[in-house]
There are 2 protein chains.
Amino acid sequence: MLKKSMQRDEILSYLKSVNTHPTAETIYMEVKKAIPDISLATVYRNLKLLSENGEILELTYGSSSSRFDGNTSPHYHFVCEKCKNVYDIMMDLTDELHSMVTREGYLPYGHRLEFFGVCKDCCQKLKA
Amino acid sequence: MLKKSMQRDEILSYLKSVNTHPTAETIYMEVKKAIPDISLATVYRNLKLLSENGEILELTYGSSSSRFDGNTSPHYHFVCEKCKNVYDIMMDLTDELHSMVTREGYLPYGHRLEFFGVCKDCCQKLKA
DNA sequence: CTAGGTGCAAAATGTTTGCACACGA
DNA sequence: TCGTGTGCAAACATTTTGCACCTAG
């Protein structure tokens with residue numbers, strides 16, 4: 001069971017109050033102002049709990065290490081939550097998407113789009 | 001100036017040959033098959049060089065540490081490659097995007113879209 | 001020859017875990 | 001009270017750096 005804790009409350013309310021995307025270290029520094037003897041480990045533990053519960057979003061590429069892409073041609077990915085396979089979605093929305101963010105004042109070089117769900121094969125199996 | 005090196009060539013050609021998005025460690029293991037005494041440090045150094053030169057893409061959220069988002073409503077991200085800030089793009093293309101992949105036979109639960117490029121502020125600085 | 005590249009090991013960063021104690025239901 | 005949460009320090013994982021040697025231009 002998830003018990004209430006002052007530390008977790010403070011972390012969540014800090015994250016809800018800002019529109020930046022702070023790192024664990026930044027969150028630690030900020031929350032420390034309210035709870036001076038909080039530890040960094042507690043911050044990490046609660047960030048993990050909160051994102052598992054869907055109350056916050058962790059922005060990573062899955063693992064803790066960077067990933068590198070040698071592919072220049074535009075394509076997207078579909079990650080199946082059943083079979084864990086990663087499928088290529090051969091689609092290119094570069095013009096549409098980039099013109100949308102360009103209108104907002106950004107200069108986009110590229111983008112990444114990933115879908116999560118169930119693939120064709122696993123859909124079949126679910127029906128059967 | 002950038003000198004040619006067997007190690008860098010091998011890393012680049014490996015990355016161009018796969019459609020996965022390997023970590024530095026994976027790249028190291030693979031390139032080691034061709035150049036057995038390559039070191040992990042060399043892999044890191046060359047990955048950095050190659051991505052600085054735009055020959056490959058590093059997929060991260062800027063810093064080497066995770067970032068956390070208290071905003072769970074549907075929105076996208078813009079990662080500035082200069083200042084490393086992550087900006088919210090308040091846009092929701094769920095209906096459009098999901099109907100596209102549904103037509104391909106997938107059953108999408110969600111998706112993630114992030115742009116990379118240069119933000120408004122850094123565009124200004126580049127011009128100056 | 002010389003600036004840049006390399007391997008190695010150590011250091012620097014970022015994150016997780018073991019443990020004993022503290023706290024909320 | 002009992003199971004969860006916490007702080008601390010140590011362990012781990014990932015990435016960077018200092019250094020002496022090597023290599024392409």
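Just so you know, these numbers use all the heavy atoms, side chains as well, and skip hydrogens, waters and symmetry mates. Just so it is clear: chains get the letters A, B, ... in the order the sequence lines come, proteins before strands, and each one is counted from 1.
The distance from atom CD1 of B:I38 to atom P of C:dA9 is 16 Å, rounded to the nearest whole Å. The distance from atom CD of B:E52 to atom P of C:dG5 is 11 Å, rounded to the nearest whole Å. To the nearest angstrom, P of C:dG14 lies 16 Å from CG of A:L59. Between the C1' atom of C:dG5 and the CG atom of B:D37 lies a distance of 14 Å, rounded to the nearest Å. Atom CD1 in B:I35 sits about 13 Å away from atom P in D:dT23, given to the nearest Å. In this structure, B:R8 atom CZ and D:dA24 atom P are separated by 12 Å, rounded to whole Å. One interatomic measurement links the two molecules: CD of A:E58 to C1' of C:dT16, which rounds to 13 Å at whole-angstrom precision. Between the NZ atom of B:K3 and the P atom of C:dT2 there is a distance of 12 Å, rounded to whole Å.
Aromatic pair A:Y106/B:F78: centroids less than 6.0 angstrom apart.
Side-chain atoms of A:H98 and A:Y109 form no donor-acceptor pair, as typed in the model, at a separation below 3.5 Å. Between B:T26 and B:T23, the side chains place a donor N or O and an acceptor N or O closer than 3.5 Å (distance only, hydrogens not considered). B:H77 and B:D69 share a donor-acceptor pair across their side chains, judged by distance under 3.5 Å alone. Side chains of B:K48 and B:Y44: no donor on one and acceptor on the other come within 3.5 Å.
Taking the nucleotide of DNA chain C with the nearest heavy atom to each of B:F68 and B:M6, the more 5' of the two is matched to B:M6. Checking B:A24 against A:K4, the closest nucleotide of DNA chain D that is more toward the 5' end is the one next to A:K4.
For the helix from C:dC1-D:dG25 to C:dA25-D:dT1, the end axes, each set by the C1' atoms of five terminal pairs, are bent relative to each other by 40° (nearest 10°).
Listed pair A:Q7 / D:dG7 meets the phosphate criterion, a side-chain N or O lying under 4.0 Å from OP1 or OP2. OP1 or OP2 of C:dT6 has at least one side-chain nitrogen or oxygen of B:S5 nearer than 4.0 Å.
A heavy atom closer than 4.0 Å to some atom of DNA chain C occurs in B:S39, B:A41, B:T42, B:R45, B:N46, these being the qualifying members of residues 39-49 of chain B.
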Only distances under 3.5 Å count here; give the side-chain donor-acceptor pairs of residues 33-41 of chain B to other protein atoms, sequence neighbours excluded, each with its distance to 0.1 Å.
{"from": "B:K33", "atom 1": "NZ", "to": "B:E30", "atom 2": "OE1", "distance (Å)": "3.2"}
{"from": "B:K33", "atom 1": "NZ", "to": "B:E30", "atom 2": "OE2", "distance (Å)": "3.2"}
{"from": "B:S39", "atom 1": "OG", "to": "B:A41", "atom 2": "N", "distance (Å)": "3.3"}
{"from": "B:S39", "atom 1": "OG", "to": "B:T42", "atom 2": "N", "distance (Å)": "3.3"}
{"from": "B:S39", "atom 1": "OG", "to": "B:T42", "atom 2": "OG1", "distance (Å)": "3.4"}

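More than 12 heavy atoms of other shown residues, nucleotides or ligands fall within 6.0 angstrom of atom CE in A:M91.
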TODO: Using the side-chain contact (heavy atoms from CB on, under 4.5 Å) rule, take A:E25 and A:M29 through it: C-alpha gap first, then chi angles, then the decisive distance, then the call.
DONE: CA-CA 6 Å; A:E25 184 67 27; A:M29 300 296 249; 4.1 Å; yes
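The minimum heavy-atom distance between A:Y14 and A:V31, with the atom names listed, is CB-CG2, 4.3 Å.
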